[in-house]
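For reference, positions follow the sequence shown, starting with 1. Hydrogens, waters and symmetry mates are skipped; everything else that's a heavy atom, side chains included, is used.
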Amino acid sequence: MSKGIPLTDNDREPWLALIRSTADQICRRSDSAGPRGLVMACSALKRTYRDILRGVHPKAHEPPPPEEIPEHPITEHVHDKEALAEPPAQNLRTFFVFIKGGREVLEERMRARKDHFMKVDMLRSQLETLQDPTGEEGVVVIRLEDGMDEQVQEAVKGLAEAGL
């Protein structure tokens, strides 16, 4: 993407499976207060991608082999790369916060970013790929046009209403 080339499903799916496996490994650890949770961010543009992250798609069980897992911030909390190749748990509750808004606002905000890997000219391919998750189970929709404080409040409220 940093070269202006959109990612394909084949590019994304191993990373999504790795995100799911990493989340599963982190959440399997527990302390005296019980199982831990975490927040991860990614675009998850298609229903298939979200289902991989939910652990309900067959590709969720196909993370890259341990020898192909690069050093990356997503794996910094998992010390056993072999464990990442284990199938993810089916019972890891997964929620999504979808920030919904118009192309104009997205373009404006993207143009205001400095030194970001994803340039404005990639937005078209992202929007063409997007399958709106509104109405899917575990999806909270917030407005892009709202300020960050209001977005956070709405996300927290929506996640609480969804059972988190």
In the single-linkage hydrophobic clustering (I, L, V, M, F, W, Y; side-chain heavy atoms under 4.5 Å), do V156 and M148 co-cluster?
yes

Once side-chain contact (heavy atoms from CB on, under 4.5 Å) is applied, do any residues pair with [X], and if so which ones, sequence neighbours excluded?
{"X": "E107", "result": "R103, R111, V120, L123"}
{"X": "I99", "result": "I142, L144, Q151"}
{"X": "E145", "result": "V105, R143"}

Do [X] and [Y] touch side chain to side chain, with heavy atoms closer than 4.5 Å?
{"X": "K157", "Y": "V140", "answer": "no"}
{"X": "V139", "Y": "V141", "answer": "yes"}
{"X": "T134", "Y": "F98", "answer": "yes"}
{"X": "L53", "Y": "I19", "answer": "yes"}
{"X": "E13", "Y": "I52", "answer": "yes"}
{"X": "R20", "Y": "T94", "answer": "yes"}
{"X": "F96", "Y": "R54", "answer": "yes"}

Interatomic distance, [X] atom [atom1] to [Y] atom [atom2] [nearest 0.5 angstrom]:
{"X": "K100", "Y": "D146", "atom1": "NZ", "atom2": "CG", "value": "13.5 Å"}
{"X": "L45", "Y": "Q131", "atom1": "CG", "atom2": "CD", "value": "9.0 Å"}
{"X": "L106", "Y": "E104", "atom1": "CG", "atom2": "CD", "value": "8.5 Å"}
{"X": "L164", "Y": "F95", "atom1": "CG", "atom2": "CZ", "value": "5.0 Å"}
{"X": "S43", "Y": "Y49", "atom1": "OG", "atom2": "OH", "value": "8.0 Å"}
{"X": "K46", "Y": "L16", "atom1": "NZ", "atom2": "CG", "value": "11.0 Å"}

Does D51 pair with R47 as a salt bridge, N-O distance under 4.0 Å?
yes

Should we say atom CD of E128 is surrounded by more than 12 heavy atoms from elsewhere, each under 6.0 Å from it?
yes

